[in-house]
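Atoms within each ligand, like the ligands themselves, are counted from 1 in listed order.
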Amino acid sequence: MTLIGHLINGELSNEAERTQDVFNPSTGEVSKQVAIASQATVEEAIAAAEAAYPAWRATPPSKRARVMFKFLQLLQDNSEEICRLIGEEHGKIAHDAAGELQRGIENVEYACYAPELLKGEHSKDVGPAIDSWSEFQPLGVVAGITPFNFPAMVPLWMYPMAIVCGNTFVLKPSERDPSSTLFIAQLLEQAGLPKGVINVVNGDKTAVDTLLTDERVKAVSFVGSTPIAEYIYATANANGKRCQALGGAKNHAIIMPDADLDNAVNALTGAAFGSSGERCMALSVAVCVGKPMQDAFVAKMKAAMEPIQVGPCTDNSKDFGPVITKEHQQKVIGYINSAEADGATIEVDGREAQVEGHAEGFYVGATLINGVTAEMESYQKEIFGPVLQVMCVETMEEAMQLINDHEYGNGTCIFTRDGEAARYFSDNILVGMVGINVPLPVPVSYHSFGGWKRSLFGDLHAYGPDAVRFYTKRKTITQRWPSAGVREGVQFAFPS
Ligand code: NAD
């Protein structure tokens with residue numbers, strides 16, 4: 001059986017303290033094994049990154065960017081293979097994998113602007129014959145720890161920007177679907193990146209803890225669930241590292257009485273069930289303002305859900321694939337059961353989804369739950385499955401209060417024709433990414449991505465302009481040359 005190993009200093013290695021099964025979620029079968037790195041293997045990767053750093057730091061940004069231009073081309077040339085690998089281990093259908101890869105590629109496009117992005121700030125004559133400027137210097141070895149749900153895109157949020165800024169990188173992908181991540185990192189080497197600048201170690205908590213505590217690692221970017229994000233942030237900080245840790249989500253859409261209902265239903269169908277709901281920006285709660293809107297919304301949504309089909313990653317005619325593991329399938333079904341037990345109505349039930357010829361696959365069908373309230377566990381927790389919950393409130397303020405009171409604040413959206421209401425909503429809602437008639441307000445690569453509250457620990461968001469700040473340290477230089485007139489005598493106070 002194939003063993004998925006590591007990429008250290010440009011070489012593939014199969015060193016494994018242990019191995020773990022990698023499943024094909026569409027069939028339910030174990031398809032590969034992944035090597036689980038020991039502390040020593042992770043230290044080897046850190047050492048390789050540290051050794052590669054001085055030369056890479058000294059490489060001009062334009063030359064670093066040229067590697068990214070080649071990488072971009074290789075990603076496009078190999079897109080079919082990447083999507084196949086994503087599908088095999090994540091379960092994503094090819095059209096969905098292609099969308100993920102495209103979003104990742106856009107982050108590489110942004111990284112190609114490195115010389116422009118790294119331009120400093122300069123002020124001439126800040127004093128008599130004194131000039132001052134700020135420049136942005138790399139940090140050294142930085143690490144990324146990524147989740148299963150976007151094995152291509154989320155790593156591409158991190159290392160292209162870290163690397164063009166002059167850092168070297170150690171990536172610890174999700175052990176549940178590591179192949180596409182490893183394959184893509186090899187393409188970066190093919191693009192001409194010197195050995196050791198990118199390293200990939202597969203593993204679990206042992207690998208993560210090594211990255212969090214090794215003093216050679218200067219910064220950590222994390223994306224995953226909130227309990228782990230909180231742990232990563234606290235541990236990285238306690239070890240003196242810069243950290244950004246993006247966590248889980250519960251994204252609400254408010255449907256106002258004046259909304260274009262057809263548009264809202266269309267948008268929510270894709271945003272709730274696309275990618276089996278395994279997106280941190282999935283819209284999983286529809287908050288209808290007024291009972292008439294709730295009734296109309298549920299009726300239209302049920303009709304819209306009739307043709308939805310779940311199927312294996314190999315069938316491009318299907319709408320979404322299985323969830324990641326058997327345990328996760330059971331967890332999602334458990335949340336549907338708990339909503340029912342708490343008194344909600346299961347309007348469309350995906351618990352018994354069957355896919356012909358794939359009886360052992362980890363499928364959950366699109367599910368619609370009505371009459372959900374804030375006290376229910378299914379509302380409070382992130383389900384991370386193809387489940388849309390419907391709530392009803394009387395006013396927009398009540399809907400906003402609900403969202404503001406929730407522990408997560410990743411994304412949200414309002415459907416309305418009222419510009420004033422939309423403006424009030426976007427101004428006052430305690431959520432990091434806001435859509436107005438846009439269901440998945442994922443920022444493009446030249447903005448930055450991040451939630452509020454317990455959806456992000458840290459100050460700077462992922463990718464875009466914030467990534468330049470996260471992966472560099474500002475240095476400010478003030479200069480005067482003696483021939484341009486050094487002041488006579490000692491000065492004990494600032495000049496006034
Ligand atoms: P996860 O937290 O289980 O795993 C993420 C990473 O942390 C993996 O690399 C994993 O190996 C590692 N990890 C897991 N347990 C650990 C532990 N005890 N100690 C140290 N490291 C550990 O997340 P997941 O299930 O892979 O991904 C789904 C979650 O990620 C969801 O909550 C989703 O909302 C979130 N997510 C958030 C964003 C965002 O931008 N906010 C984006 C994608 C996914």
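Salt-bridge annotation for Lys318 and Asp315: present, with a side-chain N of the basic residue lying under 4.0 Å from a carboxylate O of the acidic one. Of the charged side-chain nitrogens involved, at least one lies within less than 4.0 Å of a carboxylate oxygen, so that Arg18 and Asp204 count as a salt-bridged pair. The pair Lys92-Glu100 meets the salt-bridge criterion, with a side-chain N (NZ, NE, NH1 or NH2) lying under 4.0 Å from an Asp/Glu carboxylate O.
Ligand 1 does not have Pro227 within reach: every non-hydrogen atom of the residue lies 4.0 Å or more from it.
Of the polar atoms of Gly224, at least one N or O is found under 3.5 Å from an N or O of ligand 1, judged by distance alone. Considering backbone and side-chain N/O atoms, Phe384 never comes within less than 3.5 Å of an N/O atom of ligand 1. Here's the thing with Thr146: one of its N/O atoms is less than 3.5 angstrom from an N/O atom of ligand 1. At a 3.5 angstrom cut-off on N or O pairs, Tyr231 does not count as close to ligand 1. At least one N or O atom of Arg176, backbone or side chain, sits closer than 3.5 Å to an N or O atom of ligand 1. Residue-to-ligand polar distances keep Asp209 apart from ligand 1: every N/O pair is separated by 3.5 Å or more. At a 3.5 angstrom cut-off on N or O pairs, Asp204 does not count as close to ligand 1.
Glu109 and Ser445 share no side-chain donor-acceptor pair at under 3.5 Å. In summary, the side chains of Arg242 and Asn237 do not present any donor paired with an acceptor at a separation below 3.5 Å, with no hydrogens or angles considered.
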Is there a ring-ring contact (aromatic ring centres under 6.0 Å, His included) between Tyr379 and His252? Walk through the geometry before answering.
CA-CA 10 Å; Tyr379 171 73; His252 301 65; 5.5 Å; yes
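The CE atom of Met305 sits 11.0 Å away from atom CG of Leu268, with the distance rounded to the nearest 0.5 Å.
Close contacts between ligand 1 and Asn149 involve ligand atoms 43 (C), 44 (C) [criterion: under 4.0 Å to a heavy atom]. Of all atoms in ligand 1, numbered sequentially from 1 with element shown, those under 4.0 Å from a heavy atom of Ile145 are 6 (C), 7 (O), 9 (O). For ligand 1, the atoms closer than 4.0 angstrom to any heavy atom of Phe449 are 39 (C), 40 (O). Atoms of ligand 1 found under 4.0 Å from any heavy atom of Glu175 (numbered from 1 in listed order, with element): 10 (C), 11 (O).
Counting only heavy atoms of the protein, atom 31 (C) of ligand 1 lies nearest to Glu382 OE1, 3.5 Å. Of all protein heavy atoms, the one lying nearest to atom 7 (O) of ligand 1 is Phe222 CE1, 3.3 Å. Considering only non-hydrogen protein atoms, atom 16 (C) of ligand 1 sits nearest to Ile228 CD1, 3.6 Å. Of the protein's heavy atoms, Val208 CG2, 3.4 Å lies nearest to atom 21 (N) of ligand 1. Closest to atom 39 (C) of ligand 1 among all protein heavy atoms lies Cys280 SG, 3.3 Å. Remark: minimum distance from atom 41 (N) of ligand 1 to any protein heavy atom is reached at Gly247 O, 2.8 Å. Counting only heavy atoms of the protein, atom 19 (N) of ligand 1 lies nearest to Lys205 CG, 3.4 Å. Nearest to atom 1 (P) of ligand 1 among the protein's heavy atoms is Ser225 OG, 3.7 Å.
Within a 6.0 Å sphere centred on NZ of Lys218, other residues, nucleotides and ligands contribute more than 12 heavy atoms.
Inside a 4.0 Å radius of atom 4 (O) of ligand 1 there is not any protein heavy atom.
Counting heavy atoms closer than 4.0 Å to ligand 1, residue Trp157 contributes side-chain atoms (C-beta onward) but none from N, CA, C or O.
Put simply, the side chain of Asp177 never gets that close to the backbone of Glu89: no donor and acceptor are under 3.5 Å apart. With hydrogens and angles ignored, the 3.5 Å screen pairs no side-chain donor or acceptor of Gln39 with any backbone N or O of Thr206.
Centroid-to-centroid, the aromatic rings of Phe362 and His328 stay 6.0 Å apart or farther.
The aromatic rings of Phe449 and Tyr463 sit tilted relative to each other, their planes meeting at an angle between 30° and 60°. The aromatic rings of Tyr471 and Phe169 sit perpendicular, their planes meeting at an angle over 60°, well past the 30° parallel limit.
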